[in-house]
Amino acid sequence: MGARVELDGIAVIVHGPSTFRGARVVAHDLRTGIALVLAGLAAEGETVVTPGYPIDRGHAAIAQRFKSLGAEITAESAEG
């Protein structure tokens, strides 16, 4: 997505500011999923976060809630 991040031992250093670019990303769990959704909302272009079930399991109807705040976001079923 364009962020400048480096691992330094046990610390993670994020260099900014950076302009995020939309990308296909993988949510390994609820926390990373929500972080990727937020990064995607701030990104230029389209971001697709998969799989969506950990996010929906922890935050039901999250797409509708973000839409009510003005976000351009959709949730798709596994079938498409």
Side-chain angles (χ1 to χ4, degrees):
M1 295 185 78
R4 289 182 34 222
V5 180
E6 69 178 276
L7 181 61
D8 183 18
I10 61 169
V12 175
I13 302 168
V14 180
H15 302 275
S18 295
T19 301
F20 290 146
R21 293 179 301 278
R24 291 187 154 278
V25 293
V26 177
H28 295 283
D29 59 28
L30 172 62
R31 290 181 194 140
T32 58
I34 290 297
L36 291 168
V37 167
L38 292 172
L41 289 171
E44 294 178 1
E46 181 178 87
T47 298
V48 177
V49 182
T50 59
Y53 65 86
I55 300 166
D56 192 52
R57 184 171 172 222
H59 295 281
I62 193 73
Q64 290 85 349
R65 291 190 275 155
F66 276 127
K67 267 189 178 181
S68 73
L69 297 172
E72 187 177 326
I73 185 171
T74 59
E76 296 182 0
S77 66
E79 293 83 39

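Side-chain atoms are counted along with the backbone in the values below, which use heavy atoms only and exclude waters and symmetry mates.
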Q. Distance from D56 atom CG to I62 atom CD1, nearest 0.5 Å?
A. 9.0 Å

Q. How far does NE2 of H59 sit from CD1 of I34, to the nearest 0.5 angstrom?
A. 4.0 Å

Q | R65 side chain to A60 backbone, donor-acceptor under 3.5 Å | A | yes

Q) Where do L41 and A71 come nearest, in terms of heavy atoms and distance? A) CD2-CB, 3.7 Å

Q. Should the heavy atoms of other residues, nucleotides or ligands under 6.0 Å from CD of E6 be counted, would the total exceed 12?
A. yes

Q. Taking side chain as C-beta onward, heavy atoms only, is F66 less than 4.5 Å from L38?
A. yes

Q) Do V48 and I73 belong together in a cluster built from hydrophobic side chains that touch within less than 4.5 Å? A) no

**Q.** Exercise: identify the closest heavy-atom pair between A27 and P51
**A.** O-CD, 3.4 Å

**Q.** Nearest non-hydrogen partners of T47 and V25, listed with the distance
**A.** CG2-CG2, 4.0 Å

Q) Say you draw a straight line from CD of Q64 to CG of L69; how long is it, rounded to the nearest 0.5 Å? A) 12.0 Å

Q) Are I13 and V5 co-members of a hydrophobic cluster defined by side-chain heavy atoms under 4.5 Å apart? A) no

Q: Check A39 against F20 and note the closest heavy-atom contact, atom names and distance.
A: O-CD1, 3.8 Å

Q.
Keeping D29 on the side-chain end and T32 on the backbone end, is there a donor-acceptor pair under 3.5 Å?
A. yes

Q. Shortest non-hydrogen contact from A43 to M1?
A. CB-CE, 3.9 Å

Q) What's the shortest heavy-atom distance between V49 and I55, and which atoms? A) CG1-CD1, 3.8 Å

